[in-house]
Amino acid sequence: MPELPEVESFRKEIDPSALNKEISTITVHDDYILKMPTKEFKEALIGKKFTRTERRGKYLFIHFDSKNLMLHFAMSGTVKYYNNPKNEPEYSKIQIEFKNGDYLSIVSVRKLGRVQIVNEISEYAKENEIGPDALKLTLDEFKMIMENKKRSYAKTALMDQSAISGIGNEYSDEILFQAKIYPKTKISTLKSATIETLYESILEVLNTAIELNIKNTKFPNEYLMLHRDKEENCPKCGSGIKRYEISSRHGFYCPKCQSE
DNA sequence: CGTCCTGTTATCGG
DNA sequence: GCCGATAACAGGAC
């Protein structure tokens, strides 16, 4: 379930560990998520050093030479850095060994996800309709995007990666909960002030998750995230959290705080 | 055993 | 062409 904050935590794991080390060996255990020939992949990386990382939405780019190793984690992906081959994680699909004896594994429990070498990030983003990163939007840009998505449900608009990249099912529920917006509200019916609230909630929720390094910690109690799965009571008003369905995907909301 | 569930993509109908 | 609904993908968890 990596959404923007989880991918950001992967980036923060890689930055102090896997950069500026010569790649010596690449072992591909399962080439299903590798969207290019294994031979070509290895040849491009062996002998090279990663120099920096860049995240865009749920995509992570690891720069080397003038190219990028692109990782998309889909539903079950993660990365792990370690220095003893015995610690190679379960479901490690691709293992990158550095000359100093350290390793970086690209892990995916299921086979969904993408690993690829791409040139320009902006070019890749354009070709694959990856919209602007949710944390790099100005309020004016956000308003323009919402104007273009005005016929959509609020939830669907937030999750449209071509409009804004980085927000998935769980975070969209959390953002709408904090903004007190019913998920199936049509964007066109939102007042300008509510759009601003929505914008602020996006930043607040995503930045909170990043600051907490959410991969390893939990959200504060007043977040929906902790209470959603068990359909507990709303941490703000105490009434029951309700499960709903949207495009055959399920979500949660508080009917009292997020009235229709 | 069947159902759930995640992100993305393709396809269909409105 | 935009939108929502649906299924497909894959497989571990329950």
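Note: hydrogens, waters and symmetry copies are ignored here, and every other heavy atom, side chains too, is used. These numbers were taken from a predicted model, which means no experiment stands behind them.
- Distances from the side chain of A:T156 to the nucleotides C:dG4, C:dC2, B:dT8 place C:dG4 closest.
- Computed from coordinates, the A:R56 CZ to B:dG7 C1' distance equals 18 Å when rounded to whole Å.
- The aromatic rings of A:Y81 and A:F98 sit tilted, their planes meeting at an angle between 30° and 60°.
- Note on residues 192-207 of chain A: pairs passing salt bridge (Lys or Arg N to Asp or Glu O under 4.0 Å), not counting sequence neighbours, are A:K143-A:E196.
- Take A:Y91 and apply the ring pair (Phe, Tyr, Trp, His ring centres under 6.0 Å) test, not counting sequence neighbours, and it matches no residue.
- By the 4.5 Å side-chain criterion applied to Ile, Leu, Val, Met, Phe, Trp and Tyr, A:Y153 is assigned to a cluster that also includes A:Y182, A:Y244, A:I246, A:Y253.
- Computed from coordinates, the A:K150 NZ to C:dG1 C1' distance equals 14 Å when rounded to whole Å.
- When the C1' atom of C:dG1 is taken as reference, atom CD of A:E129 falls 13 Å away, rounded to whole Å.
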Kindly list each side-chain donor-acceptor pair under 3.5 angstrom involving residues 34-41 of chain A, sequence neighbours excluded, with atom names and distances?
residue : atom : partner : partner atom : Å
A:K35   : NZ   : A:Y32   : O            : 3.1
A:K39   : NZ   : A:E43   : OE2          : 3.4

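- In terms of phosphate contacts, A:R114 brings no side-chain nitrogen or oxygen within less than 4.0 Å of OP1 or OP2 of B:dT9.
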Identify the pairs formed between an N or O of the protein and an N or O of nucleotides 7-9 of chain C at a distance under 3.5 Å, and give each distance.
residue : atom : partner : partner atom : Å
C:dC9   : O3'  : A:Y32   : OH           : 3.4

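- Each of A:E245 and A:N148 has a nearest nucleotide on DNA chain C; the 5'-most of these lies closest to A:N148.
- Using a 4.0 Å heavy-atom criterion, one finds that A:D160 contacts no nucleic acid atom at all.
- Contact annotation: A:S152 reaches the phosphate of C:dG4 (side-chain N/O to OP1 or OP2, under 4.0 Å).
- Spacing between atom CD1 of A:I246 and atom C1' of C:dA5 amounts to 10 Å, rounded to whole angstrom units.
- Comparing B:dG7, C:dC2, C:dG4 by their nearest atom to the side chain of A:E3 picks out B:dG7.
- Between the C1' atom of B:dT8 and the CE atom of A:M70 lies a distance of 12 Å, rounded to the nearest Å.
- Taking side-chain N and O atoms only, A:H72 has a distance below 4.0 Å to OP1 or OP2 of B:dT8.
- The side chain of A:Y153 contributes an N or O atom lying less than 4.0 Å from OP1 or OP2 of C:dA5.
- Taking only side-chain atoms of A:K149, from C-beta outward, the nucleotide of C:dC3, C:dG12, C:dG4 with the closest atom is C:dC3.
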Subject >> side-chain contact (heavy atoms from CB on, under 4.5 Å) between A:I130 and A:Y59, worked out >> reply: CA-CA 9 Å; A:I130 308 168; A:Y59 291 79; 3.6 Å; yes

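- Atom CG of A:D173 and atom P of B:dG7 are 10 Å apart (whole Å).
- Put simply, NE2 on A:H250 is 9 Å from C1' on B:dC4, counting in whole angstrom units.
- With rounding to whole Å, A:M159 atom CE is found 6 Å from B:dG7 atom P.
- The side chain to side chain contact (heavy atoms under 4.5 Å, CB included) test applied to A:R52 returns A:E54, A:H63, not counting sequence neighbours.
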